[in-house]
Protein chains: 2
Amino acid sequence: MSAAEETAEPDDDTAKPWGEVTPEAARKLLVAAVEAFAERGYHATTTRDIAGRAGMSPAALYIHYKTKEELLHRISRIGHDKALEILQAAAEGPGTAAERLDGAVRSFVRWHAERHTTARVVQYELDALSDEHRAEIIELRRRTDAAVRRILNDGVKAGEFDVPDVPGTTLAVLSLCIDVARWFNAQGRRTPDEVGALYAGLVLRMVTAQQ
Amino acid sequence: MSAAEETAEPDDDTAKPWGEVTPEAARKLLVAAVEAFAERGYHATTTRDIAGRAGMSPAALYIHYKTKEELLHRISRIGHDKALEILQAAAEGPGTAAERLDGAVRSFVRWHAERHTTARVVQYELDALSDEHRAEIIELRRRTDAAVRRILNDGVKAGEFDVPDVPGTTLAVLSLCIDVARWFNAQGRRTPDEVGALYAGLVLRMVTAQQ
DNA sequence: CGGCGCGCTAAGCGCTTGCTCACCTTCGGG
DNA sequence: CCCGAAGGTGAGCAAGCGCTTAGCGCGCCG
């Protein structure tokens, strides 16, 4: 398994979204599950539906995953890892706090728009996870929150931002970005880039001193 | 049925949330369904669970509602009516655009926080509705959107606001408010009033000219 | 005070669910 | 050239699902 992973290029997870899921059949099943969960929700999706979308028999699912919940966990875990990676890269990057916040919101929103099927599963199907799996994911979300809070704190310290309630504003910024997954429609008028630019501008106004 | 409704005071739907659902047993079932749908989601909730929470047998549900989906529709319809009422009252009220926007966000957020179980069902279980019922609800949401957009347009016309993209900003404002239903926790540190005040302040910064 | 109708229940029907199991194919190594 | 592991299938099991139906208790009207 790790030998197969090494044959892939190291950075192709942006180009090929589920490149880290290694047996071909397991990836096909996982992609099918993402689509189905995003469309109908976890509980309304049957294992027969997932297998059918992947062009396989229902039993094939259980060769690669122990349960339907394990499939959801794999999706949620990989998605949260990606989300955290995006925000931490923005938080630890160069530039002023304003520039980093702009980049963070822009890329986080773009991810929620471009990959809104995945994001929908990642953000709205937490309750369906088992207790242990949910706890693991919640820890990742805590770190996501911390990355944004760090940018805001930096900006306040540098005098760039005027933010009376940093934790509350962190919540609002993440909230705004995450909700994109709920309403974004690929057939709609706005491209992911446009939404990212719009939202980054709005967030910067929220934190900038009013004069 | 209308005779029974007339015996209630005209304005008690704020004090007694589901006062408009008239046979006592039907209301108990609906309240139980709201709790169950909010906790587990529509598809993961069984009719036995709803009836059990209401202290009745599973069959009792079908005396008052034709199907489980009809229950969801009743909840969604009443909830959307209430949400629209809140925003239209704010939009058509007196005061400057800034004052009306402040009031709109404050009361809309407060509703999503205080009644976050109901709001969660209303905002996140649209997909489970039948096609006709979903179309009816989407029309209500269009009007909700229009109420906020009207405030923003008024503010721009009056020179109070600097909003380059009114439809996009309308989306963002509603998005911010709606997402409260996802994360709000009654055991958390913030009261609905505090969140409403915080969010109203952030939204005003989003639309106010920067100078 | 008899009986009628309404609100409710116990039991269960037909179906779908997540998941299993016996079996089949394919294919690289001795 | 056969063999065993890996990956797949068809059929089906037990459990749980939404919903129905036959019948029960009880308040109300003649």
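Here is the naming used below: chain letters follow the sequence lines, and residue numbers restart at 1 for every chain. All values below come from the heavy atoms of this structure, side chains included, with hydrogens, waters and symmetry mates left out.
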Practice item. Could you tell me which non-hydrogen atom of T170(B) sits nearest to which non-hydrogen atom of D145(B), and how far apart they are? Key: CG2-O, 3.6 Å
Check your understanding: What distance separates T169(A) OG1 from L174(A) CG, expressed to the nearest 0.5 Å?
Key -> 11.0 Å
Point to revise | For R100(A), all residues meeting side-chain contact (heavy atoms from CB on, under 4.5 Å), sequence neighbours excluded | key: A97(A), I151(A), D154(A)
Point to revise | ring-ring contact (aromatic ring centres under 6.0 Å, His included): pairs with one or both residues in residues 22-80 of chain A, sequence neighbours excluded | key: F37(A)-Y42(A), H73(A)-H133(A)
Practice item. Any chance you could encode DNA chain D as dot-bracket? Rule is Watson-Crick or G-U wobble with both distances under 3.5 Å; [ ] for pairs crossing earlier ones, | for another strand. Key: ||||||||||||||||||||||||||||||
Point to revise | Rounded distance [0.5 Å steps], NE2 in H112(A) versus OG1 in T118(A) | key: 10.5 Å
Exercise for review: Mind checking ring-ring contact (aromatic ring centres under 6.0 Å, His included) for Y124(B) and listing every partner two or more places apart, or none if nothing turns up?
Suggested key: Y124(A)
Practice item. Please list, in 5' to 3' order, the outermost nucleotides of DNA chain C lying under 4.0 Å from any heavy atom of chain B. Key: dC8(C) to dG12(C)
**Study point:** Contact residues, residues 25-44 of chain A to DNA chain D [heavy atom, < 4.0 Å]
**Key:** A25(A)
Point to revise | DNA chain C-proximal residues of residues 53-63 of chain B, any heavy atom under 4.0 Å | key: M56(B), S57(B), A59(B), A60(B), I63(B)
Review point. For DNA chain D, which residues in residues 67-74 of chain B have a heavy atom at a distance below 4.0 Å?
Key: T67(B), K68(B)
Review point. Between atom CD1 of I137(A) and atom CZ of R142(A), what is the distance when rounded to the nearest 0.5 Å?
Key: 14.0 Å
Check your understanding: Under 3.5 Å, is there a donor-acceptor pair between the R141(A) and Q123(A) side chains?
Key -> yes
**Study point:** Under-4.0 Å salt bridge between E20(B) and R77(B)
**Key:** no
Practice item. Taking side chain to side chain donor-acceptor pair (under 3.5 Å) as the test, write out the residues that go with E24(A), two or more places apart. Key: R27(A)
For a quick test of your reading: what N or O donor-acceptor pairs under 3.5 Å do the side chains of residues 186-193 of chain A make, sequence neighbours left out?
from, atom 1, to, atom 2, distance (Å)
R190(A), NH1, D165(B), OD2, 2.9
T191(A), OG1, E194(A), N, 3.1
D193(A), OD1, R110(A), NH1, 3.1

Review point. Listed by chain and number, what are the side chain to side chain donor-acceptor pair (under 3.5 Å) partners of D131(A), not counting sequence neighbours?
Key: R134(A)
**Study point:** Pair listing, ring-ring contact (aromatic ring centres under 6.0 Å, His included) test, anchored in residues 173-206 of chain A, at least two apart
**Key:** H116(A)-F184(A)
Review point. Once you round to the nearest 0.5 Å, how far does OG of S57(A) lie from CD1 of I63(A)?
Key: 7.0 Å
Review point. Which heavy atom of M56(B) sits nearest a heavy atom of A25(B), and at what distance?
Key: CE-CB, 3.8 Å
